[in-house]
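Following: one structure in structure tokens, then a few remarks.
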Amino acid sequence: MERVRSSQPALAGLVPYDPKYLPADVMISANENPSSVPIEVERAVLERLQGFSFNRYPDPLANDLRDAIAEANGVSRANVLVGNGGDELLFNLALAWGGPGRTFLNVPPTFSVYAANAALTGTAVVDVPRKADFSIDEEAVLARLAQGDVDFAIITSPNNPTGDVAREEFLLKALDTADALILVDEAYCEFAGATMASHLREHKNLAILRTFSKAYALAGVRLGYLLAHEDVISEFLKVRQPYSVDAVSQVIGRTVVENRALFEPGIAGIVAERDRMLDTLRSWADVEAFDSRANYILVRMEDAGAVWQALYDRGVLVRDFSRSARLEGCLRITVGTKAENARLLETLRAVLDERKG
Ligand SMILES: *Cc1c(COP(=O)(O)O)cnc(C)c1O
């Protein structure tokens with residue numbers, strides 16, 4: 001056959017996700033941890049992989065890892081589900097709570113994966129845009145939830161790419177306003193020191209998403225997890241791929257959770273660097289730097305697309321949002337090592353001065 005019939009209609013007009021992850025000297029575009037795991041953790045993983053049974057299928061539910069995560073978060077195994085990155089769990093959320101005739105409340109600008117998953121699953125999206133300063137329009141979200149037709153909502157805290165934390169009082173009100181499943185995406189919570197985990201017990205409609213990709217330096221491993229009521233987890237079990245979390249990742253994840261205290265100094269160092277960078281960027285008249293509780297900083301400036309290119313030409317890769325809806329003029333800078341941050345600040349200052357002529 002010289003032709004093939006078309007794929008399903010929902011794919012028309014969809015563009016594959018492009019992380020715009022180009023090679024560069026200084027890679028500060030993807031919110032990764034600038035350092036790999038501590039050497040003790042690496043050694044413990046390699047030890048556990050000696051004589052490993054690579055020929056056997058993994059435990060489909062990664063129960064040893066679930067138990068470690070449950071213990072670390074003061075919940076039970078039944079309240080934890082592990083996925084192939086947080087991204088897989090976000091997709092599973094759209095499969096389980098979305099679908100044709102279902103409605104997802106989104107709070108843009110935010111992580112673009114949410115809207116893409118809704119499009120793929122034929123889920124209707126209700127956007128309640130953030131205000132001009134990127135804070136959540138709390139009254140508008142609550143009013144929309146109160147209409148009662150929203151099946152699920154995602155609130156990202158700290159939000160990617162804007163960096164702000166959702167107010168706890170607002171989230172609690174949202175949870176009490178309707179029975180919509182509310183997923184709080186806490187991919188960056190370790191940098192903010194804020195979590196909704198203590199409210200899981202009294203709110204059946206609260207789910208929390210976490211990842212090992214950021215604070216725990218495992219972006220290359222693909223591990224994320226969900227904390228939720230066991231009745232919510234059991235719905236996710238119906239849509240998940242049975243072996244999505246491989247056996248090696250399960251070992252690595254368990255070793256990281258058991259040694260999580262070793263990551264604390266690194267996290268504190270990133271937070272200190274973030275605040276130091278914010279101070280510098282705020283002192284510049286030609287850059288608007290938004291407050292951040294995460295490991296990245298959103299900045300707005302004139303001709304941001306051209307500035308992005310000039311930075312890249314000088315070996316520094318940041319994330320370009322200058323042509324994204326509601327983020328016009330914005331770039332996102334991931335906090336890197338001290339040396340990388342110094343290079344970013346120096347290069348950005350030089351590029352801006354050159355453009356001024
Ligand atoms: C990075 C990120 C995730 C999850 O990433 P994974 O690498 O798939 O675990 C989820 N939500 C947000 C907002 C993120 O930035």
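Positions are given from 1 along the sequence. We count ligands from 1, going down the list as the structure has it; atoms in each ligand are counted the same way.
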| message | Classify the ring geometry of F104 against F152: parallel below 30°, tilted from 30° to 60°, perpendicular beyond 60°. | response | parallel
| request: Indicate the ring-plane relationship of H199 and H203, choosing parallel, tilted or perpendicular according to the 30° and 60° boundaries. | output: perpendicular
| request: Could you tell me whether D303 and R355 make a salt bridge, using a distance below 4.0 angstrom between a side-chain N and a carboxylate O? | output: yes
| query | Of all residues at least two apart in sequence or in a different chain, which pass the side-chain hydrogen bond (donor to acceptor under 3.5 Å, both in side chains) check with Y243? | reply | none
| query | Is R260 salt-bridged to E190, cutoff N-O under 4.0 Å? | reply | no
Using a cut-off of under 3.5 Å, which N/O atoms of ligand 1 pair up with protein N/O atoms, and what distance separates each pair?
from     : atom 1 : to   : atom 2 : distance (Å)
ligand 1 : 7 (O)  : S213 : OG     : 2.6
ligand 1 : 7 (O)  : R222 : NH1    : 2.7
ligand 1 : 7 (O)  : R222 : NH2    : 3.3
ligand 1 : 8 (O)  : G86  : N      : 3.2
ligand 1 : 8 (O)  : D87  : N      : 3.0
ligand 1 : 8 (O)  : D87  : OD1    : 3.3
ligand 1 : 8 (O)  : D87  : OD2    : 3.4
ligand 1 : 8 (O)  : R222 : NH2    : 2.6
ligand 1 : 9 (O)  : G86  : N      : 2.6
ligand 1 : 9 (O)  : T211 : OG1    : 2.5
ligand 1 : 9 (O)  : S213 : OG     : 3.3
ligand 1 : 11 (N) : D185 : OD1    : 3.3
ligand 1 : 11 (N) : D185 : OD2    : 2.6
ligand 1 : 15 (O) : N160 : ND2    : 2.9
ligand 1 : 15 (O) : Y188 : OH     : 2.6
ligand 1 : 15 (O) : K214 : NZ     : 3.1

| task | Salt-bridge test for R349 and E346: reply yes if a basic N is under 4.0 Å from a carboxylate O, no otherwise. | result | no
